[in-house]
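We number each residue from 1, following the sequence as shown. Keep in mind it's a predicted model, so treat the numbers as computed, not measured.
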Amino acid sequence: MIRSADDQAVRGEIIRICRRLYERGLIAGQEGNVSARLPDGNVLITPAGASKVDLHEADLVVVSPTGQRVAGSGRPSSELGMHLRIYHLRRDAGAVVHAHPPFATALAVAGEDLMAPVLPEVVVQTGGVPLVPYATPGTPALAAAIEPFLSRHDAFLMANHGATSFGSTLSIAHQRMETLEHAARIVFLARVLGRVSMLTDEQRDAVLALYRGVTAPNESSEPVRPSDPS
């Protein structure tokens with residue numbers, strides 16, 4: 001099979017991101033999966049049952065938008081259904097990253113989300129990160145569980161499972177995963193110190209306005225207020 005230059009570049013980027021996820025400790029063993037939407041509408045995804053750090057470009061699998069294998073000798077990731085649901089409902093999504101980042105996954109295991117506006121960078125990169133109720137990984141129930149969150153969020157925690165992020169490009173999807181894990185780590189450490197401070201609504205809106213290139217009217221000078229220790 002002769003691959004296009006676009007296809008080859010996307011394969012290389014997926015392999016790079018898989019290795020970065022491993023190097024940053026966001027996946028281990030056979031965990032995680034990464035996909036990208038190709039120009040022809042098909043989806044390129046990591047194979048099932050493989051250590052992501054050991055993957056090569058030829059190992060990746062091409063599937064149709066409805067999940068039929070188009071190219072590749074392996075089985076597509078068991079989380080293919082989740083990836084396809086995201087692509088179907090979010091036409092702006094060009095790539096999806098699923099991982100098990102330790103601090104973010106710890107929040108998910110504890111039944112918590114990252115919806116509170118704590119860090120300006122998180123407000124801009126991901127917005128609030130909700131918690132998706134538990135569903136068995138690799139089943140249609142998981143794809144159904146994420147559906148209510150897709151219209152308003154670009155990243156989410158998955159109860160007792162991990163985290164998923166997506167974006168218009170592989171780079172953006174990956175950056176969002178790193179951002180939510182970094183935020184989870186900071187929230188954890190702040191709790192150890194005894195206090196988590198949140199941005200006010202005015203401060204959050206000012207950050208969003210700044211990054212949209214708009215001057216926020218009546219920006220509050222009120223300091224960041226602490227929440228109750230937890």
Inset, instruction - Could you tell me whether Phe149 atom CZ has more than 12 heavy atoms of other residues or ligands within 6.0 Å of it? - result: yes
Inset, instruction - Return yes if some donor-acceptor pair links the side-chain N/O of Glu147 with the main-chain N/O of Ala144 below 3.5 Å, else return no. - result: no
Legend entry - His174 side chain to Glu178 side chain, donor-acceptor N/O pair below 3.5 angstrom: yes
Legend entry - Shared hydrophobic cluster for Val61 and Val53 (ILVMFWY, side-chain gaps under 4.5 Å): no
Inset, instruction - Looking only at non-hydrogen atoms, find the nearest pair between Ala108 and Leu157 and report the distance. - result: CB-CB, 4.1 Å
Inset, instruction - Among Val122, Val118, Val123, find the one that has a side chain to side chain contact (heavy atoms under 4.5 Å, CB included) with Leu199. - result: Val123
Inset, instruction - Using only heavy-atom distances, determine whether the side chains of His161 and His98 contain a donor-acceptor pair under 3.5 Å. - result: yes
Inset, instruction - Would you indicate whether the side-chain heavy atoms of Val10 and Leu170 approach each other to under 4.5 Å? - result: yes
Legend entry - Tyr87 atom OH: more than 12 heavy-atom contacts under 6.0 Å: yes
Inset, instruction - Over all heavy atoms of both residues, which pair between Ala48 and Pro76 is shortest? Give the atoms and the distance, please. - result: CB-O, 3.5 Å
Legend entry - Heavy-atom donor-acceptor pair, Glu57 side chain to Ile15 backbone, under 3.5 Å: no
Legend entry - Separation between CG of Leu84 and OG1 of Thr66, rounded to the nearest 0.5 Å: 8.0 Å
Inset, instruction - Using a strict cut-off of less than 4.0 Å between a Lys/Arg side-chain nitrogen and an Asp/Glu carboxylate oxygen, indicate whether Glu112 and Arg191 qualify as a salt bridge. - result: yes
Legend entry - Gap separating the OG1 atom of Thr46 from the CD1 atom of Ile14, nearest 0.5 angstrom: 7.5 Å
Legend entry - Heavy-atom side-chain proximity of Met158 to Thr164 below 4.5 angstrom: yes
Legend entry - Exam field: side chain His153 to backbone Gly128, donor-acceptor pair closer than 3.5 Å: yes
Inset, instruction - Output yes when a side-chain donor or acceptor of Arg90 lies under 3.5 Å from a complementary backbone atom of Leu150, and no otherwise. - result: yes
Inset, instruction - Answer yes or no: is there a side-chain heavy-atom contact under 4.5 Å between Asn33 and His83? - result: yes
Inset, instruction - Please lay out, stage by stage, how Val97 and Phe166 fare under the test side-chain contact (heavy atoms from CB on, under 4.5 Å). - result: CA-CA 6 Å; Val97 173; Phe166 55 93; over 6 Å; no
Inset, instruction - Output all residues satisfying salt bridge (Lys or Arg N to Asp or Glu O under 4.0 Å) with Asp54, sequence neighbours left out; order by chain, then residue number. - result: none
Legend entry - side-chain contact (heavy atoms from CB on, under 4.5 Å) evaluation trace for Arg195 with Ser197: CA-CA 6 Å; Arg195 187 178 70 174; Ser197 298; 3.7 Å; yes
Inset, instruction - Of all the heavy-atom pairs spanning Pro102 and Gly25, show the shortest one and how long it is. - result: CD-O, 3.3 Å
Inset, instruction - For residues His88 and Pro65, determine if any side-chain heavy atom of one lies less than 4.5 Å from a side-chain heavy atom of the other. - result: no
Legend entry - Met177 CE to Ser165 OG distance, which is reported to the nearest 0.5 Å: 3.5 Å
Legend entry - Transitive ILVMFWY side-chain link Val34 to Val43, under 4.5 Å: no
Inset, instruction - Check whether any side-chain heavy atom of Arg20 lies under 4.5 Å from a side-chain heavy atom of Lys52, and answer yes or no. - result: no
Inset, instruction - Taking the side chain as every heavy atom from C-beta outward, state whether Asp154 and Arg176 have any pair of such atoms under 4.5 Å apart. - result: yes
Inset, instruction - Could you tell me whether the side chain of Gln30 and the main chain of Ser51 form a donor-acceptor pair under 3.5 Å? - result: no
Legend entry - Cluster overlap Met115 with Phe103, hydrophobic side-chain contacts below 4.5 Å: no
Legend entry - Side-chain donor/acceptor of Arg69 to backbone N/O of Gly74, under 3.5 Å: yes
Inset, instruction - Report yes if the side chains of Arg37 and Arg91 come closer than 4.5 Å at any heavy-atom pair, otherwise no. - result: yes
Inset, instruction - Start with the C-alpha distance between Arg11 and Val62, add both sets of side-chain angles, then the distance that settles side-chain contact (heavy atoms from CB on, under 4.5 Å), and finish with yes or no. - result: CA-CA 10 Å; Arg11 286 174 181 269; Val62 180; 3.7 Å; yes
Inset, instruction - Quick one: closest heavy-atom pair of Ile27 and Ala99, and the distance? - result: CG2-CB, 3.7 Å
Inset, instruction - Would you sort out whether Glu13 and Arg16 count as a salt bridge (charged side-chain N to carboxylate O under 4.0 Å, His left out), showing the intermediate values? - result: CA-CA 5 Å; Glu13 184 71 357; Arg16 185 187 71 80; 2.9 Å; yes
Inset, instruction - May I ask whether Ile172 and Leu21 are part of the same hydrophobic cluster, defined by side-chain heavy atoms of I, L, V, M, F, W, Y residues being less than 4.5 angstrom apart, directly or through others? - result: no
Inset, instruction - Supply the atom-to-atom distance Met82 CE to Ser35 OG, rounded to the nearest 0.5 angstrom. - result: 8.0 Å
Inset, instruction - For Pro133 and Ala159, work out which heavy atoms get closest and say how close. - result: C-CB, 4.1 Å
Inset, instruction - Look up atom CG in Asp92 and atom CD1 in Ile86, then write down how far apart they are to the nearest 0.5 Å. - result: 11.0 Å
Inset, instruction - Would you kindly confirm whether Val129 and Val109 end up in one hydrophobic cluster when ILVMFWY residues are joined by side chain heavy atoms under 4.5 Å apart? - result: no
Inset, instruction - Hey, could you give me the CG/CG distance between Leu180 and Leu114, rounded to the nearest 0.5 Å? - result: 7.0 Å
Inset, instruction - Under the side-chain contact (heavy atoms from CB on, under 4.5 Å) rule, what do Val124 and Val207 come out as? Steps first, then yes or no, please. - result: CA-CA 7 Å; Val124 172; Val207 168; 3.5 Å; yes
Legend entry - Distance-only side-chain donor-acceptor flag, Gln175 / Thr179, under 3.5 Å: no
Legend entry - Residue pair Leu60 / Pro47: nearest heavy atoms and the distance that separates them: CD2-CD, 4.2 Å
